[in-house]
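All remarks here apply to the structure that follows.
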Amino acid sequence: MTINFNPAQLQVYLVAGTQDVPGRSLVTVVQQALASGITAFQFRDKGASQLTATERLALGRQLKALCTAKGVPFIVDDDVDLALAIGADGIHVGQSDDQIQHVLQRVQGRLFVGLSCSTLTEIQQANRLTGLAYIGSGPIFPTTSKADADPVVGLKQLKQLVQTARVPIVAIGGITESQLPAIRRTGAAGSAVISMVTQSPNIQRTVRAMLSTGVTDDKII
């Protein structure tokens, strides 16, 4: 079963791979996150991951089954072949990954597609694409979760990106619980997090805090 994309699914978007939970089971962490109410999960297993391609496929299929059982979209980072082999719901690609037009053509009708954009120029280019489901923008704040992270975007620029983009934007990068209201005030559809959930001493409380953060009329100074 493939889950159709809904912008509301960007509200609590967990991104994780085995490298983000050293010494622990990624399956257990994702199970806890799903039980707590995350609205999307992206399987991003790379960097310090020590899994073989076969192990990564098996783990991906296991995590996909858990997500499907909860009605949560399962998204794969970057690897179209892996996403199709797992039967993922979506694929997320960055500016330096496979050409986005090629990805959109290849997965048309099978996967929804997310694209990383951190500048107004990138957003404007993305606006010309057909078939893009959402955009991931960041890092909003300094982050240590990605060694190759782009320069920090900040809240003011995030608001500009949201106002310019034709599709929903999910914010990512260095987000903490105290910053969630400010993220929502930019008009972003939600927050994508790694360590905020994977390193949380209480995953249920953290996810519930993300779910309870609503949009207000406060202005960004």
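What you see is a predicted model, and the numbers here were worked out from it, not measured in a lab. Scope of the values below: all heavy atoms of this structure, side chains included, with no hydrogens, waters or symmetry mates.
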Within-4.5 Å side-chain heavy-atom neighbours: [X] and [Y]:
X    : Y    : value
L66  : V27  : yes
V80  : V103 : yes
H92  : L115 : no
F74  : T68  : no
L180 : M196 : yes
V72  : T39  : no
V113 : I100 : yes
P181 : R185 : yes

Do other residues, nucleotides or ligands put more than 12 heavy atoms under 6.0 Å from the CZ atom of R24? yes

Enclosure of Q125 CD (heavy-atom neighbours >12, cutoff 6.0 Å): yes

Please list all pairs passing the ring pair (Phe, Tyr, Trp, His ring centres under 6.0 Å) test where one or both residues lie in residues 105-132, with sequence neighbours left out. F5-F112

Can we say R106 and D81 salt-bridge, meaning some charged N sits less than 4.0 Å from an Asp/Glu carboxylate O? yes

Looking at D78 and K46, is any side-chain nitrogen of the basic one under 4.0 Å from a carboxylate oxygen of the acidic one?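 A salt bridge links K46 with D78.
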
Which one of L14, L59, I75 satisfies the side-chain contact (heavy atoms from CB on, under 4.5 Å) criterion with F43?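 In the set L14, L59, I75, the residue that makes a side-chain contact (heavy atoms from CB on, under 4.5 Å) with F43 is L59.
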
Compute whether any side-chain donor of one residue and acceptor of the other, for [X] and [Y], lie under 3.5 angstrom apart.
X    : Y    : answer
T54  : T52  : no
Q124 : T121 : no
T18  : S49  : yes

Given the rule in the side-chain contact (heavy atoms from CB on, under 4.5 Å) test, do F141 and I183 qualify, once you have shown the distances and angles that lead to the verdict? CA-CA 11 Å; F141 305 106; I183 293 287; 4.0 Å; yes

Distance, nearest 0.5 Å, that separates CG of D79 from CG of D45: 10.5 Å

Pairs where residues 164-179 contributes a residue and the test salt bridge (Lys or Arg N to Asp or Glu O under 4.0 Å) is met, not counting sequence neighbours: E177-R205

How far apart are the C-alpha atoms of V15 and V193, what are their side-chain angles, what is the distance that settles it, and do they pass the side-chain contact (heavy atoms from CB on, under 4.5 Å) test? CA-CA 6 Å; V15 180; V193 299; over 6 Å; no

